[in-house]
**Q** 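Have a look at this one.
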Amino acid sequence: MNALLRYQTALLIGSHRALPPVILYAAWLAIGVQGGGPLLSTFGYAAGALVPVAAWLTRICVTNEPPAARSCVASAAGPGRAHLAAVLTAAGTALVLALPGVLLVTLLSDPRSNDHRVAVPVLPAAVAGLLTALTCLLMGIAIGALSSWPVLRSAAWGVPASLTAALLLLVLGASPVNAALSGMITGSARGTVHTPWLPLAATLLLAAAATAAACALTSRRS
Amino acid sequence: MRLDGVGRRYGVRGPWVLREVRLDVPAGALLRIEGANGSGKSTLLRLLAGIDRPSTGRITGRPRSAYVPERFPGALPFTAAGYLTHLARIRGLRGPEAGRRATEWLERFGAAGHARTPMAELSKGTSQKVAVAQALLAEPALLVLDEAWTGLDHGAREVLDRAVAERVADGGTVVFVDHDPRRLAGAADAHYRVDDGRLLPRDTHLPTADPGTATGPRVTIEAEGPPGSAPPAGTDQALAGAPPLPAVTRSAPGPDGTTLLTVPAAHSDAVLRALLTARPPWHIRAVTTAPGADGADGPADTGAHDTAEHPTAAPTPTPAPAPDEAPLP
């Protein structure tokens, strides 16, 4: 698996296809993260964008090889493992974006509630911010795995489907992403930290199931 | 490896591309699959290579495999050597060994000068050499070649022929599709034809068949064994202690206690290697072009390489080219 991850990472870096989502996320942080903003709601703002960004990175990673090259790797390592390596590379890249985002928000924001009256403990808030980012990242991976090859083979369906899914999961009350983000936003109003353990566990299961389904489908569709 | 009632269709309601395929793939065998365009050959090869899973039926005992596609577009952000090193690592080679194998196989195919060339700038033929090299560099137990010779130059085709013989001599299995009926002629252990999604056996050359009936250029090796050694024979019938040779080898007693081994030309290097590396090693008296099926005149006292590889030099009684070989209107 190490060799596969190395191959996929080199492929992603060499193809320069990761640049648009990386620049998008950097621009999102540049616009919304300002010195002195309330810490908890800024964590929520920074994490929310990771849903579409991680979905986009997943689509890039699983479609980065021409079909002939994919067949060669699939024969050598097994089609499921080859696909898993692509999804894990996307998750790793999204993590490389999420960690500096959390660090930047922690350093720049004001550790107080929205009205700047109630102080928020920085360390627990940073942990909650990190877990919210991970929840959004994993949901993005799940969306990306289910909206690109081999589940949805046409980009004409896959791209709108992933954007719609990302939007719905961010705003609908039943989704774990929405639960984690509203925990940060309501917590920011009152100055209390809600650590999203449950939403993170739920998205972890969802992402694992989505990735497993996609990997199992690779050898059945081509 | 065994295929049992294997069928494959694309999509839940799609038509069956392959149906009821029953096939035993023994180790150390060279299998040729034939069939018209669109008959399901490539689908069968993808199942054998483990890229696709059968829609029905089971494939059991599939060994470590490697696959060469017919076309290999090099739209990858690597150099040729870089790509091969990545693939060698994926195939389990560690450290500098991966890079060494990559260079070695590029050299064998005469593409060492392109080692540092980005894949996107390679010509079609050189891309195909990279595709073949990625499959060969880690000695796979099962090699699946989907018209892998297409696009290779004459020299590289012969290197691939010999590499195939080497894999078979090492006990590996090779399954190939090629539209040239002379490709590895006489060397294949079994021929199959895919017709309308079904796999049918086609005139098999079993090891017991008369060597005279096999087509393609052949080479006779006159070898002298150490005293008391067992006579060498094909892997399937070799006695204990005898050098294992490809199953297509015919052996006959020669003059002065030597053994005459007749093999398809592509196998000659592999047989010589097996004889020379046996413990204790065999002595090679002579390597000559075999008279008979390929119409070559009498023995010629030349080295193995000179006699081994001139498949077009002599008129060969080959079947007519497949219909799809004809130029398109």
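Predicted model only: the values in this text are computed from it and were never measured. Each chain gets a letter, A, B and so on, in the order its sequence line appears, and its residues count up from 1.
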**Q** Does the B:Gln128 side chain pair with the main chain of B:Ala148, one donor and one acceptor, at a distance under 3.5 Å?
**A** yes
**Q** Using a heavy-atom distance cut-off of less than 4.5 Å, which residues of residues 75-95 of chain B contact chain A?
**A** B:Ala75, B:Leu76, B:Pro77, B:Phe78, B:Tyr83, B:His86, B:Leu87, B:Arg89, B:Ile90, B:Arg91
**Q** Heavy-atom count around B:Arg9 CZ within 6.0 Å, excluding the residue itself: above 12?
**A** yes
**Q** Among B:Ser65, B:Gly50, B:Pro69, single out the residue with the greatest number of heavy-atom pairs under 4.5 Å to chain A.
**A** B:Ser65
**Q** For each of A:Arg6, A:Glu65, A:Arg81, tally heavy-atom pairs with chain B at distances under 4.5 Å, and name the one with the top tally.
**A** A:Arg6
**Q** How many angstroms lie between CD1 in B:Ile33 and CG in B:Asp178, if you round to the nearest 0.5 Å?
**A** 12.5 Å
**Q** A:Pro199 and A:Ala179: which non-hydrogen atoms are nearest, and at how many Å?
**A** CG-CB, 4.1 Å
**Q** Under a 4.5 Å heavy-atom cutoff, which of A:Leu11, A:Ile13, A:Asn2 has the most pairs with chain B?
**A** A:Leu11
**Q** May I ask you to say whether B:Glu104 pairs ionically with B:Arg108, meaning some side-chain N is under 4.0 Å from a carboxylate O?
**A** no
**Q** Please look at A:Ala82 and chain B and tell me whether the side chain, the backbone, both or neither of the residue comes under 4.5 angstrom of a heavy atom of that chain.
**A** neither
**Q** For the pair A:Tyr45 (side chain) and A:Gly32 (backbone), establish whether a donor and an acceptor sit closer than 3.5 Å, ignoring hydrogens and angles.
**A** yes
**Q** Determine the minimum heavy-atom distance between A:Ala180 and A:Thr132, stating which atoms define it.
**A** CB-CG2, 4.1 Å
**Q** Between A:Gly80, A:Ala74, A:Pro79, which shows the greatest number of heavy-atom pairs under 4.5 Å with chain B?
**A** A:Pro79
**Q** Do any N or O atoms from the side chain of A:Ser175 and from the backbone of A:Leu169 form a donor-acceptor pair under 3.5 angstrom?
**A** yes
